[in-house]
Trainee: 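First the structure, which I've put down as structure tokens, then a few questions once you've had a look.
Protein chains get the first letters and strands the later ones, always in sequence-line order, with residue 1 at the start of each.
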Number of protein chains: 2
Amino acid sequence: MDASVRTPERKLAGDKAQRIIAAMRSSVGARGASGSTFDQVAQEAGVSRGLLHYYFGSKERLLAEVVRHDCDLRLAALEQQLARADSLEAIVDVLVTSLEAFLDQDESDDPALIYEMFSASRHHEEMQTEMAELYRRVREQVGAALREKEHEGIVALRGDAEAVASILFALADGMALQRLSDPGWDSREAFAAGALTARYLLGG
Amino acid sequence: MDASVRTPERKLAGDKAQRIIAAMRSSVGARGASGSTFDQVAQEAGVSRGLLHYYFGSKERLLAEVVRHDCDLRLAALEQQLARADSLEAIVDVLVTSLEAFLDQDESDDPALIYEMFSASRHHEEMQTEMAELYRRVREQVGAALREKEHEGIVALRGDAEAVASILFALADGMALQRLSDPGWDSREAFAAGALTARYLLGG
DNA sequence: CAACCCTAGCTGGCCGGCCAGTCAGGCTGG
DNA sequence: CCAGCCTGACTGGCCGGCCAGCTAGGGTTG
């Protein structure tokens, strides 16, 4: 009963497990969930194929782990940005800038990852749960941040804080879908309209 | 050079081709694009597996055909609804009602179809083109309808008509993603905020 | 200190099954 | 009778999961 290996969670903190998660994450972004094979992912992670089963048991569980990991990273980054914003304009700017950064990531960190995961989650129980959790956390945490801003008098939300958070993310997801579907689309007008909409939702 | 079979398009108008498209459409909704096999689709369409290749040549081309078909149907339905709406409130109502209907379809007509197609399109040239075309048409046609409404003095758009159309669809897509990810989510507050947002975009 | 474990992390060949695409030929209406 | 529609057995390749066994290093024993 010492601090050594005991729970599965302990194992996944190791270097190799993290490399596997990172490799799967990048592979799903590039090739999709069903297009990502244990063979390729193992090779990219620099481990053997068997190790993927050793750590995660099944492809589904590895994918669920990738979702959780990705959600953690993105939420933390956004929340940090939001915390700094001390005016309505600053918040809108954080939202717009985050979306633009999200869409212009380099290849190893494909924005389509999250939508691949959404599709995959529709056919796997564990991933379904993980995706539901993801959006729930987003709404709750960003909602809480917005409520805080409202308390400080920076914003005057046009509705329930979590509902506003939900709408803001819906907007961002929807814009991302359109931009990813048609990379050649000139989205400047739409971005402007989106920013205006966000400003309205925050009380501007 | 008569009216008989000549182009591939002519062939696809036939009964069996349409049954195949319908079966693939429902299968992709239920099982995803990569989870849909020619075997099952052929069986559900009541034709042999070979016929799918005979008509469409490859899975990718069949999927592209499904996207085009689905887009035609949905756009036509929405445009018809919009044409009838003769007040700002009526338009918002059409948008909200359409989204709710979209989300509450029966199983043979899964709303997730479009997002499965989005994922699939990221790995297939022809589908990529088809998806870009889909969103382009949506923006153009709904944008044109909105411009018309503006001309009639019913709405006062908060930006370029196509940009507003784009934002409205982004909103709907994003809400759909959240609802589909977490069916248990109580989205009433978010729907209310979404309707408010739509009203604002239309000048209300 | 050396010989001997013994465990846990790790490996990769193998298996059973699946799947898109091919093709040789059957069928039928004109 | 034949052209074009249609069929389904077959092919070759791929993939997730399984598992028998390898290896390193810490502990134990003589």
Trainee: Are more than 12 heavy atoms from other residues, nucleotides or ligands located less than 6.0 Å from atom CD of B:E125?
Mentor: no

Trainee: Between B:R136 and B:E133, does at least one N-O distance fall below 4.0 Å, as a salt bridge requires?
Mentor: yes

Trainee: Among residues 31-44 of chain B, which contact DNA chain C at a heavy-atom distance under 4.0 Å?
Mentor: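 Only B:S36, B:T37, B:F38 qualify.
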
Trainee: Salt bridge (charged side-chain N to carboxylate O under 4.0 Å, His left out) between B:E65 and B:R68: does it pass, once the steps are laid out?
Mentor: CA-CA 5 Å; B:E65 218 54 51; B:R68 193 202 313 268; 3.2 Å; yes

Trainee: Check whether the side chains of A:S187 and A:Q178 place a donor and an acceptor atom closer than 3.5 Å, and report yes or no.
Mentor: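 Their side chains do not contain a donor-acceptor pair, so the 3.5 Å distance test is not met.
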
Trainee: Within less than 4.0 Å of OP1 or OP2 of D:dC6, is there a side-chain N or O belonging to B:K16?
Mentor: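 The answer is yes; a side-chain N or O of B:K16 sits under 4.0 Å from OP1 or OP2.
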
Trainee: Does a salt bridge link B:E150 with B:R147, judged by any charged N lying under 4.0 Å from a carboxylate O?
Mentor: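 Salt bridge absent between B:E150 and B:R147.
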
Trainee: Using a cut-off of strictly less than 4.0 Å between a heavy atom of the residue and any atom of DNA chain D, enumerate the qualifying residues of residues 56-68 of chain A by number.
Mentor: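 Within residues 56-68 of chain A, the residues near DNA chain D are A:S58, A:K59.
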
Trainee: For D:dC5, does either OP1 or OP2 sit under 4.0 Å from a side-chain N or O belonging to B:Y54?
Mentor: yes

Trainee: In chain order, what residues pass the side-chain contact (heavy atoms from CB on, under 4.5 Å) check against A:T129, with sequence neighbours excluded?
Mentor: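 None.
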
Trainee: Test of understanding: with side-chain contact (heavy atoms from CB on, under 4.5 Å), list the residues that count as partners of B:K16, not counting sequence neighbours.
Mentor: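 Here the qualifying residues are B:R19, B:V47, B:L51, B:Y55.
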
Trainee: Whole-Å distance between D:dA20 C1' and A:H53 NE2?
Mentor: 16 Å

Trainee: If we only count heavy atoms from C-beta on, is the A:L196 to A:R199 side-chain gap below 4.5 Å?
Mentor: yes

Trainee: Give me, pair by pair, the N or O atoms of the protein and of nucleotides 12-17 of chain C that are less than 3.5 Å apart, along with how far apart they are.
Mentor:
unit_1: C:dG12; atom_1: N7; unit_2: A:G50; atom_2: N; d: 3.4
unit_1: C:dG13; atom_1: O6; unit_2: A:R49; atom_2: NH2; d: 2.7
unit_1: C:dC14; atom_1: N4; unit_2: A:R49; atom_2: NH2; d: 2.9

Trainee: Could you walk me through whether B:D104 and B:R179 pass the salt bridge (charged side-chain N to carboxylate O under 4.0 Å, His left out) check?
Mentor: CA-CA 10 Å; B:D104 294 336; B:R179 262 278 291 268; 3.4 Å; yes

Trainee: Would you call the rings of A:F38 and A:H53 parallel, tilted or perpendicular, taking 30° and 60° as the class edges?
Mentor: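 Rings of A:F38 and A:H53: tilted, as their planes differ by 30° to 60°.
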
Trainee: Rounded to the Å, how far apart are A:Y55 OH and C:dT11 C1'?
Mentor: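 For the pair A:Y55 OH and C:dT11 C1', the rounded distance is 13 Å.
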
Trainee: Do A:H123 and B:E116 get their side chains close enough for a donor-acceptor pair, meaning under 3.5 Å?
Mentor: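 A pair is found: one side chain offers a donor N or O, the other an acceptor, under 3.5 Å apart.
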
Trainee: Considering residues, nucleotides and ligands other than A:Q43, do more than 12 of their heavy atoms fall under 6.0 Å from its CD?
Mentor: no

Trainee: Would you say A:K59's side chain and A:S36's backbone share a donor-acceptor pair under 3.5 angstrom?
Mentor: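 Answer holds: yes.
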
Trainee: Near DNA chain D, under 4.0 Å by heavy atom, which residues of residues 117-130 of chain B?
Mentor: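 Heavy-atom contacts with DNA chain D come from no residue of residues 117-130 of chain B; none.
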
